[in-house]
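Next up is a structure, given as structure tokens.
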Amino acid sequence: MGSSVASQPAEPATSAGFEYVFPAIRGIQARREFYVSMCPLRLIPKIFLFDEDELVPEVRAQRILNKGRLPALTRYIIDNPNDYVFSALTASIDGDIRFESIANSESGTRAGQIRISMAARFLINDGQHRRAAIEQALKENPELGEETIAVVFFHDSGLARCQQMFADLNRHAVRPPRSIGVLYDHRDDQATTARLLAIRAPVFKGFVEMEKSTLSQRSRKLFTLSSVYYATRALLQGLETTKEQSQLLAEAYWTAVDAAIPEWKLVRSRELSAPEVRRDYLHSHGIALHALGRVGNSLLRMSLAPQTWTPTLKRLSMVDWSRANVDWEGRALIGGRVSKSHQNLTLTANYLRKHLNLELSHEEQRVEDAYLRGES
């Protein structure tokens, strides 16, 4: 690296003759040269700038920074200093740039270094939140500064080109299904618990879709891994238990629930098909599982011993889970379709609490009263 100055100079003349030097590999895309390099984390906040937030959208080249995302990204780096992973930043360079190859041979002409004027402006096209998180993480752990991140450099061809790059980079970006995120997450203990439930708990084994977060009409699965995860997370929320205790409690709880829902057993014995049950009943849908998790959390807060709350859960057999039950309209259903809103989740949990003779919290009672008044 040729320099590590703290900020961009106010006047280009003050940096005349001074350059940033990055090791780089040269490539071609759309008949344009681009360069792949590595940059120490300590330099990321100093040379890579954002567009000014006060500019109107049509004259910016990227979206405004969402500061609400930064704490989680920052903690990810700080809490996992030995195995965090960040993908490459993509940046445009508004200024002079020169590539020097290390050899004259065909392969050697692709590797070398790029020299960039210190008067140049670096604009991040993709990775602005990673850049901001790196800046915050360095304040807590300056030792991270010597680590590196990959950077892809493009030569700036004006605002229109930068805006198009942002649009193109994000056009086909698809967030992975929540289920596969849970499947591959080995940091979250509750994700581990959900995977274990799906693999070994009799109620779930063989009937959980492990990758997709929605089920096709013909799917032979009853549940998605993401719905098992969120329901179990609600079940265990705030409990002071070890990872092993949590896993045992979760399996015991869902086993007790299973005993009160005969349709689940009928699917396992192939007397009913999974598509039929999902079509005609609510209990395998995400909102119902999540509501059952909330209800279970109240029971587990009173006692962690299964023998104390298993008798209470037997009352779930009295719940009419059929979608034809008019009680579900406005609670779990809106116009006959399952609704996953926070309010509908609360109303569904309220309905189950009443069947189990459990009290409603102040907030739950407020939502219930509004529903009964027809205000929901």
Side-chain angles (χ1 to χ4, degrees), residues 178-179 194 197-198 201-209 212-236 250-300 309-358:
R178 291 178 178 177
S179 286
L197 286 170
V203 58
F204 296 122
K205 185 178 180 180
F207 291 93
V208 176
E209 169 55 58
K212 301 175 183 177
S213 292
T214 56
L215 297 174
S216 66
Q217 287 186 347
R218 296 183 179 181
S219 174
R220 297 181 179 181
K221 308 297 185 182
L222 269 179
F223 319 97
T224 64
L225 183 60
S226 59
S227 65
V228 174
Y229 168 77
Y230 288 114
T232 304
R233 186 175 71 172
L235 172 70
L236 301 173
E251 184 167 351
Y253 177 77
W254 292 117
T255 298
V257 170
D258 176 55
I261 301 179
E263 291 80 16
W264 291 358
K265 183 177 181 180
L266 292 175
V267 171
R268 295 198 298 274
S269 64
R270 303 187 185 280
E271 296 177 61
L272 278 177
S273 71
E276 285 179 300
V277 170
R278 296 197 312 273
R279 181 193 65 203
D280 297 335
Y281 298 92
L282 281 172
H283 41 47
S284 64
H285 288 265
I287 188 173
L289 284 184
H290 200 155
L292 285 165
R294 281 194 175 186
V295 170
N297 183 256
S298 297
L299 294 173
L300 267 60
W309 38 259
T310 296
T312 301
L313 289 175
K314 290 181 179 179
R315 299 173 192 160
L316 287 173
S317 61
M318 305 301 294
V319 175
D320 181 357
W321 290 100
S322 69
R323 293 176 70 140
N325 178 8
V326 295
D327 290 346
W328 294 122
E329 183 59 38
R331 290 186 184 272
L333 304 175
I334 299 294
R337 298 177 64 88
V338 176
S339 173
K340 299 178 182 178
S341 74
H342 178 76
Q343 178 174 277
N344 288 113
L345 172 60
T346 299
L347 288 169
T348 301
N350 287 355
Y351 188 75
L352 299 179
R353 289 184 191 281
K354 288 185 176 180
H355 276 78
L356 300 181
N357 296 325
L358 298 176

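Every value quoted in this text rests on a predicted model; they were computed, and no experiment measured them.
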Using side chain to side chain contact (heavy atoms under 4.5 Å, CB included), reason through Leu236 and Asn297 one step at a time and then give a plain yes or no. CA-CA 6 Å; Leu236 301 173; Asn297 183 256; 5.9 Å; no

Quick one, Val208 with Lys221, criterion side chain to side chain contact (heavy atoms under 4.5 Å, CB included). Give me CA distance, side-chain angles, the key distance, then yes/no. CA-CA 5 Å; Val208 176; Lys221 308 297 185 182; 5.9 Å; no

With a 3.5 Å distance limit and no angle check, can you tell me whether Arg218 reaches the backbone of Pro275 through a side-chain donor-acceptor pair? no

Arg331 to Asn350 - nearest heavy-atom pair and separation: NH1-CB, 4.1 Å

Between Ser213 and Ser179, is there a donor-acceptor pair closer than 3.5 Å when you use the side chain of the first and the backbone of the second? yes

Give me each pair satisfying salt bridge (Lys or Arg N to Asp or Glu O under 4.0 Å) with a member in residues 341-354, each pair once, sequence neighbours excluded. Arg353-Glu364, Lys354-Glu368

Could you verify whether a donor N or O on one side chain and an acceptor N or O on the other, from Ser269 and Glu271, lie under 3.5 Å apart? yes

Taking every non-hydrogen atom, the tightest pair across Leu225 and Ala198: CD1-CB, 4.1 Å

Could you tell me whether the side chain of Glu251 reaches within less than 4.5 Å of the side chain of Pro202, counting heavy atoms only? yes

Could you check whether any side-chain heavy atom of Trp254 comes within less than 4.5 Å of a side-chain heavy atom of Val228, counting everything from C-beta outward? no

Are side-chain heavy atoms of Arg323 and Asp280 found at a separation under 4.5 Å? no

Judged by atom type as modelled, is there a donor-acceptor pair below 3.5 Å linking the side chain of His290 to the main-chain atoms of Ser227? no

Do Thr232 and Tyr253 come close enough that some side-chain heavy atom pair is under 4.5 Å? no

Quick check against the 3.5 Å criterion: does Glu329 have a side-chain atom that pairs as donor or acceptor with the backbone of Gly335? yes

Distance alone, cut at 3.5 Å: any donor-acceptor contact between the side chains of Arg294 and Thr346? yes

Could you tell me which non-hydrogen atom of Ile334 sits nearest to which non-hydrogen atom of Gly330, and how far apart they are? CD1-CA, 4.0 Å

Taking every non-hydrogen atom, the tightest pair across Ala349 and Val295: O-CG2, 3.9 Å

Would you call the rings of Phe204 and Phe223 parallel, tilted or perpendicular, taking 30° and 60° as the class edges? perpendicular

Roughly how far, to the nearest 0.5 Å, is the OG atom of Ser273 from the CG atom of Leu266? 11.0 Å

When you measure from the side chain of Asn325 to the backbone N and O of Asp320, does any donor-acceptor pair fall under 3.5 Å? yes

Please name the pair of heavy atoms, one in Leu352 and one in Ala291, separated by the smallest distance, quoted to 0.1 Å. CD1-CB, 4.0 Å

Determine whether Leu299 and Leu313 make a side-chain contact, defined as any pair of heavy atoms from C-beta on separated by less than 4.5 Å. yes

Which distance, rounded to the nearest 0.5 Å, do you find between the CG of Leu282 and the CD1 of Ile261? 10.5 Å

With sequence neighbours left out, write down each residue that passes ring-ring contact (aromatic ring centres under 6.0 Å, His included) with Tyr281, or none if nothing qualifies. His283

Does Arg178, at its CZ atom, have more than 12 non-hydrogen atoms belonging to other residues, nucleotides or ligands within less than 6.0 Å? no

Any sub-3.5 Å donor-acceptor pair from Arg278's side-chain atoms to Ser219's backbone N or O? yes

As an exercise, state the distance from CZ of Arg233 to CG of Leu235, rounded to the nearest 0.5 Å. 12.5 Å

To the nearest 0.5 Å, what is the distance between OG1 on Thr348 and CG on Leu292? 10.0 Å

Step through the shown structure and confirm whether more than 12 heavy atoms of other residues, nucleotides or ligands are within 6.0 Å of CZ on Arg315. yes

When you look at Arg268 and Val203, which way does the side chain to side chain contact (heavy atoms under 4.5 Å, CB included) test go after all the steps? CA-CA 8 Å; Arg268 295 198 298 274; Val203 58; 4.2 Å; yes

Atom of Ser339, atom of Ile287 and distance for their closest heavy-atom approach: O-CD1, 2.8 Å

What distance separates Leu272 CG from Trp264 CH2, expressed to the nearest 0.5 Å? 14.0 Å

Intermediate values then yes/no, side chain to side chain contact (heavy atoms under 4.5 Å, CB included), Leu289 and Tyr230: CA-CA 8 Å; Leu289 284 184; Tyr230 288 114; over 6 Å; no

